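Here the structure is laid out as structure tokens; the discussion comes afterwards.
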Protein chains: 4
Amino acid sequence: MGEAAARGRKSIGAKRNPESADAIIEAAEGVLREAGYAGFSIEAVARRARAGKPTIYRWWPSKAALLIEVYQRQKRVETPDTGNIEDDLAGFLKNLFAHWRDTPSGNIFRSLIAEAQSDGTAAAALAEYSKGRRGHTGRMIERAKARGEVAADVDAGIVADLIASYAWRHLLTDRLDEDDAMIRAAVRYVVRGIAPTP
Amino acid sequence: MGEAAARGRKSIGAKRNPESADAIIEAAEGVLREAGYAGFSIEAVARRARAGKPTIYRWWPSKAALLIEVYQRQKRVETPDTGNIEDDLAGFLKNLFAHWRDTPSGNIFRSLIAEAQSDGTAAAALAEYSKGRRGHTGRMIERAKARGEVAADVDAGIVADLIASYAWRHLLTDRLDEDDAMIRAAVRYVVRGIAPTP
Amino acid sequence: MGEAAARGRKSIGAKRNPESADAIIEAAEGVLREAGYAGFSIEAVARRARAGKPTIYRWWPSKAALLIEVYQRQKRVETPDTGNIEDDLAGFLKNLFAHWRDTPSGNIFRSLIAEAQSDGTAAAALAEYSKGRRGHTGRMIERAKARGEVAADVDAGIVADLIASYAWRHLLTDRLDEDDAMIRAAVRYVVRGIAPTP
Amino acid sequence: MGEAAARGRKSIGAKRNPESADAIIEAAEGVLREAGYAGFSIEAVARRARAGKPTIYRWWPSKAALLIEVYQRQKRVETPDTGNIEDDLAGFLKNLFAHWRDTPSGNIFRSLIAEAQSDGTAAAALAEYSKGRRGHTGRMIERAKARGEVAADVDAGIVADLIASYAWRHLLTDRLDEDDAMIRAAVRYVVRGIAPTP
DNA sequence: ATCTAAACGAGACGGTACGTCAAGTCTTTCC
DNA sequence: GGAAAGACTTGACGTACCGTCTCGTTTAGAT
């Protein structure tokens, strides 16, 4: 019944068809945007992409892998560099919340975390991704350390962990429209706690 | 044809049979313990409980509802009261991590969070539950405030949020065997940040 | 919780309540009329009759038994006595087809036959009922025999069988709107076949 | 997870697997033979065929469709041609009764008739099939007409109808072990009735 | 007049089957 | 020879009924 398949794409041949891959990613994103994680199935993505399921499985070994790829195609959130660690972190969280709230990214990331709870590969991918992000946030702390805003013996990883945890929990409990003042207060508590003792 | 039914339970009468409910809850807990969230299905629970699926659906309209009930049957974690806020919080987190690690609670709660990402009722239940827990942790802060360990203008809810977020993220990323020193460091950063300015 | 029970019926006491029985029969008839055999379930009848399922099972041990009772409550079809066997039989079939076509009887009887294919009690009940009917039609033949219209050595039971079979098959294949001439032709072939040889 | 699939069948590939289809048909036949119409469920057929329910539903949209296919796979009953219409018809009925009695065909056909009472597609299929059979029996009559055994103005369809009806009713009321003399008597009444008037 | 037993409505119970959706694997077809 | 896509098995979904059993109430008939 392939007669009605993938109209518009040309090759179904021996070479990987980049149009198919794109169509799949786009379809996945579309499904997540329109039906959310609950409606996100390989079946649905294949349908929307006018692709066969095995085509998806060939390139992404699991639902989680596809989810990760879709997430990584999203635009990154900006990390400000104001010269002040409290402003940096508060700005970063504000941007992140807005990004998660206003693009499919939030839904995708939530889905990925959920998937990781029952799928080992998703968990691994998420761990890998988180490590990278922790390093990223860690650098903000290190910069501040260099400026003397943060005590030298502070573990930047732990601080990054605290900040990321705060963000995750707000994402997972649907509190991304949190008051700016509240975000700033949370950041301030941590920043004060890691300031050098005078 | 019910001749093979649930030998050992006596009444299957017109009133809700508490033995059936218990058997279902216990089965659900058992499935979660042994097969995790991935293996947690209404079918599996019904099979293990020697109950009919409709009996489960009659009382718990969704997987989430059953999950919530199972979670609420779990023992609570102890919150120490040492007279020192850092010890209190670090001890609480240590206890919580151990509880999540060594009992089915951790699996159940992870599952509940995951379920909440695609099921509204689970999300609502989780929000309700979290509010209660936040109050609980908040009281630890208020006690410290009364002792003068914490500045008067600190928002206890935000601090509780930070601590809970840290715990959640460790649960969700399978890092419950975290070094005690690391937990203590994280707690210390926050506790210092909310101490009264001298 | 009987407080909301079957408003309008008075007694639910120690004697069988004929109002309940009536309500059940009527409900059964109503369900058959409105939803057909496909929708005919004890559950549905109980619902419509505002009766408990056990009340139905107490008095009618099976769906088939209820079906039979419902059928027997229907008005009987008239068997003409014109003094001519061909007119008698053709008239009887005409009346029977009209009766089956224009009242719920047809649906009920079809259901009963269908039920008898998978339910022994229905089969037995149907056999019992058929025997009675065969005797009934047989008497028409015997009268004709007495009048000399039918050969003395003809087995009235077999003739009744042929006539009933013809009726059943038209019911079961939804051909109750058969042309009168056709019915008469079928009857004539048989009547001629059993006439005394001159 | 298909590792435990249908051991013994090889292909589960891109083309419809005829072995699966066969296995399903055979299983359906087996279930009908051993458990009768009462035990005939898609579930049971799938179990016996070691096939998935969706595989059955993909190819047969309903129980009726499967039933029809199973029936059509059955061997046809022989129609004798003795040069005498009474012997032809009595022989045909005798063969038919034996066939229905001694092979699954009888059970299958009964089931199909029963199913047709609540399922439109089964009814349509049955009507279609019956038309074919009526033609078949009709030809026996036409042959006799050509031989002068049957009056020229006799409607062969009606006669075929009478004969088929007699067979159906005996099938449906479980009287397939009817005395040969009885069958012959019934046939004789009809045959005499359609003989040319001398 | 009181007690008892039967019948009632309601509905929970363990089950079976329904028809559907999705997951992930295998195989054929086509470039 | 390798990518695409369809057919496959498996398993879970949530629903409808099945026939049995228990509940608490109501009432007729026996004591």
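Note that this is a predicted model, so its numbers are computed, not measured. Convention: sequence-line order gives letters A, B, ...; per-chain numbering from 1. Every heavy atom of this structure was used, including side-chain atoms; hydrogens, water molecules and symmetry mates were not.
- Of the inter-residue distances, the one linking A/L126 atom CG with A/L112 atom CG reads 5.0 Å to the nearest 0.5 angstrom.
- Taking atom OH on A/Y37 and atom C1' on E/dA22, their separation rounds to 13 Å, with Å as the unit.
- OP1 or OP2 of E/dC21 has not a single side-chain nitrogen or oxygen of A/R47 nearer than 4.0 Å.
- The distance from atom CZ of C/R48 to atom P of F/dC17 is 14 Å, rounded to the nearest whole Å.
- Which of F/dC21, F/dA3, E/dG15 sits closest to the side chain of C/P54 comes down to F/dC21.
- The CG atom of B/D22 sits 12 Å away from the P atom of E/dC13 (whole-angstrom rounding).
- In this structure, CD1 of C/I24 is placed 13 Å from P of E/dA7, rounded to the nearest angstrom.
- Nucleic acid contact class of A/K63 (heavy atoms, under 4.0 Å, all strands): sugar-phosphate only.
- Rounded to an integer number of Å, the gap from CG of B/D119 to P of F/dC13 is 13 Å.
- Non-hydrogen atoms lying under 4.0 Å from DNA chain E are contributed by D/S41, D/I42, D/E43, all within residues 38-45 of chain D.
- In this structure the side chain of A/P104 never reaches within 4.5 angstrom of the side chain of A/L32, judged on heavy atoms.
- Here the OH-CZ distance, from B/Y37 to B/R110, works out to 10.5 Å after rounding to the nearest 0.5 Å.
- Distance CD (B/E19) to P (F/dT22): 13 Å, rounded to an integer number of Å.
- Across the protein-nucleic acid pair, D/I56 atom CD1 and E/dT20 atom C1' stand 14 Å apart, rounded to whole Å.
- In this structure, the CG atom of D/L66 is 11 Å from the P atom of E/dC18, given to the nearest Å.
- For the atom pair CD1 (D/I113) and CD (C/Q117), the distance works out to 7.0 Å, reported to the nearest 0.5 Å.
- Nearest-nucleotide positions on DNA chain E place B/G52 closer to the 5' end than the other of B/G52 and D/S62.
- OP1 or OP2 of E/dC8 has at least one side-chain nitrogen or oxygen of C/W59 nearer than 4.0 Å.
- Nearest to the side chain of B/K53, among F/dC8, F/dC13, E/dG14, sits F/dC13.
- Using a 4.5 Å heavy-atom threshold, the side chains of D/D119 and D/K63 count as separate.
- At least one side-chain nitrogen or oxygen of D/R58 sits closer than 4.0 Å to the OP1 or OP2 atom of F/dC8.
- For residues 110-118 of chain C, proximity to DNA chain E is found at no residue, defined as any non-hydrogen atom under 4.0 angstrom from a strand atom.
- Taking CD from A/E29 and CD from A/E69, the interatomic distance works out to 11.5 Å, rounded to the nearest 0.5 Å.
- Contact check, C/R50 against E/dA10: a side-chain N or O comes under 4.0 Å of OP1 or OP2.
- When each of B/W59, B/Y57, B/Y71, B/F40 is checked for a side-chain contact (heavy atoms from CB on, under 4.5 Å) with B/L66, only B/F40 meets the rule.
- Nearer to the 5' terminus of DNA chain E, by closest-nucleotide assignment, is the contact made by C/T55 (compared with the other of D/P61 and C/T55).
- One finds the CD atom of C/Q72 at 11.5 Å from the OG atom of C/S105 (value rounded to the nearest 0.5 Å).
- At least one side-chain heavy atom of B/W60 sits less than 4.5 Å from a side-chain heavy atom of B/I25.
- If you take CZ on B/R50 and OG1 on B/T55, they are separated by 13.5 Å, rounding to the nearest 0.5 Å.
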